[in-house]
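Note that the structure is predicted; figures quoted are calculated from it, not measured. Lettering follows sequence order; numbering is per chain, from 1.
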Amino acid sequence: MTSSLRLRAGLVSIALLAAFLGIWYLATRSTASVATMSPEYAKLMGLTATQGKSAMPGPLDVGAKLWEHLKRPFYDNGPNDKGLGIQLAYSIARVGTGYLMAVLVAIPLGFLIGMSPLLSRALDPFIQVLKPISPLAWMPLALYTIKDSSISAIFVIFICSIWPMLLNTVFGVASVRKEWINVARTLEVGTIRRAFTVILPAAAPTILTGMRISIGIAWLVIVAAEMLVGGTGIGYFVWNEWNNLSITNVIIAILLIGIVGMLLDQILARFTRMVTFPE
Amino acid sequence: MTDKFISIEGIAKRYPGSGGATTTIFENLWLSMARGEFACVIGHSGCGKTTVLNILAGLDAPSEGAVIVDGQAISGTSLDRAVIFQSHALLPWRTVLGNVAYAVSSKWRSWDRAKVKTHTQTFIDLVGLTGSEHKRPSELSGGMKQRVGIARALSITPKMMLMDEPFSALDALTRGTLQDEVRRICLQTGQTAFMITHDVDEAIYLADKIFLMTNGPGAMLAEVVENPLPRDRARTDLHRHPLYYALRNHIIDFLVTRSKTFVAEQPDHDPRNVPTVHIGKPGLTIASGSEEQQRQIRTPGTNPGLSA
């Protein structure tokens, strides 16, 4: 039954994709009317005016361009012309660095806060104020203090991915079942060993869920941050291609951002499954 | 007086109530047990049975008084006092072997892996779980989970076992089997056990001494009932023993009526010298207390048809 459901769902997905591509294709077909103009004037005009081509690229244009990118993902023709692979690698490296730093801070800190009702209450107002700040609002302050645009972008990733992880770790640690703690207590297990053998495994699913939310937010934010700081990265690529008026490349970039985001989420989802225990 | 292996001396538990008032669950509670004795506590919900057990375990601290185990006042939890939890409290991310081994390696930290495993296996075999070592708690039935809980408690070879309604969540058949196992193991190892139960027959089968507690708040230990049944009693022919019904009726009467009225009827009740009830021995109904008290307390088991 499940396999047939999966098969049917797959078929519907393919049908929806085909319908979407078909409508896209039909909507971006060449328009009939072509104004007659002198060849001199035509050189100044775009293909829309001279050949009646749609201003919006169709699926075939995007496909062809994508194939071109996929053939040469890592070329480097100078600052404004790098392969998509290089741009994505820059973005992933920034997200990875900022995210890893956030993990290193948020999980130990979350553990402390979760285990100490005093710290939990004392730090709560700070967390409540800092959490809703848009990560990009930190950008000017980061640029001013760090004075390096690339590190500033990493800082922005750090600050945006820390909150879901911190809050989930605190929640996970604070809501470990009392009976499991009591088991450790009756066995005279010390605080450190208790933290690693009871609290960590019990809170791991909640912590991983926070990490999964964080990686999603980090990937959302990196595009915007790179548009601001410029230089490299997929976000910069999008903005650069917009300035080049290459809508085809913008669409390709959007597609790739989506796919990379999905992959990052899937990786974390797999980790979450690994630490989840059935009760 | 027999040696007091466990002595609860005048403990009280109070919680701050609303408006600055304090709620007293129980106070001035005295209770003692000899080494190797199996004691059951019976009382209605809210009388503080679980609190007493938690205090004995060291998971909770009394507001007043002290608990002395083996000549030493306890402070906090100890590997000498193993707890079998009502909800079995197994760590779901560990296997059967892992759960028991966690306790073993907590007690003997210097043991290597092989030694821990051999020791663990002995206790898994003891509770009849051979073959299920690598299953996780979610794959086990309720009875098997509680067996793991028992194996975990026994594996650290404690001085005493504390059980908080360990079988209440199980079906009657499984409960009976586990009662047999617990009784066999306790008799074999001479284990001192303190158990909370709501099941009168369970108490009659397992306990040497049954503590009856009145209703809370302000609960007190009303009587200690000595179990008159022979030590080699079997669960299946328990009810054929001539004193069985006298004992059972005494406990049920207490639960139905006297647990509510006891405090009002016995204003002179001395919590330090709780009367011991010997079912079937009329002359010895009350071990301590004044003559006046003796007349007020009903003497169960004096019915000629029931006493042996």
(request) Go through B/Ala89, B/Pro158, B/Pro137 and name the one with the most non-hydrogen pairs under 4.5 angstrom from chain A. (result) B/Ala89

(request) Could you look at B/Leu162 and say if it's the side chain, the backbone, both or neither that has a heavy atom under 4.5 Å from chain A? (result) neither

(request) Scan for salt bridge (Lys or Arg N to Asp or Glu O under 4.0 Å) pairs involving residues 99-121 of chain A, sequence neighbours excluded, and state none if there are none. (result) none

(message) Measuring only between side-chain heavy atoms, which start at C-beta, is B/Ser105 closer than 4.5 Å to A/Arg193?
(response) yes

(request) Locate the shortest heavy-atom distance separating B/Tyr102 from A/Thr197; write the atom from each residue and the value. (result) OH-OG1, 2.6 Å

(request) Side chain from CB out, backbone as N, CA, C, O: work out which of these in B/Leu59 comes under 4.5 Å of a heavy atom of chain A, or both, or neither. (result) both

(message) If you compare all heavy atoms of A/Trp180 against all heavy atoms of B/Leu90, which two are closest, and at what distance to 0.1 Å?
(response) NE1-O, 3.1 Å

(message) Applying side chain to side chain contact (heavy atoms under 4.5 Å, CB included) to B/Ile156 and A/Leu187, what does each step give before you reach the verdict?
(response) CA-CA 9 Å; B/Ile156 57 172; A/Leu187 295 173; 4.0 Å; yes

(message) Within the 4.5 Å heavy-atom criterion, are B/Ser106 and A/Glu188 side-chain neighbours or not?
(response) no

(request) Measure distances from A/Ala204 to the heavy atoms of chain B and classify the residue's part below 4.5 Å as side chain, backbone, both or neither. (result) neither

(message) So which atom in B/Ser138 and which in A/Pro278 form the shortest heavy-atom distance, rounded to 0.1 Å?
(response) OG-CG, 3.3 Å

(message) Quick check: closest heavy atoms across B/Ser87 and A/Glu179, and the distance to 0.1 Å?
(response) OG-OE1, 3.1 Å

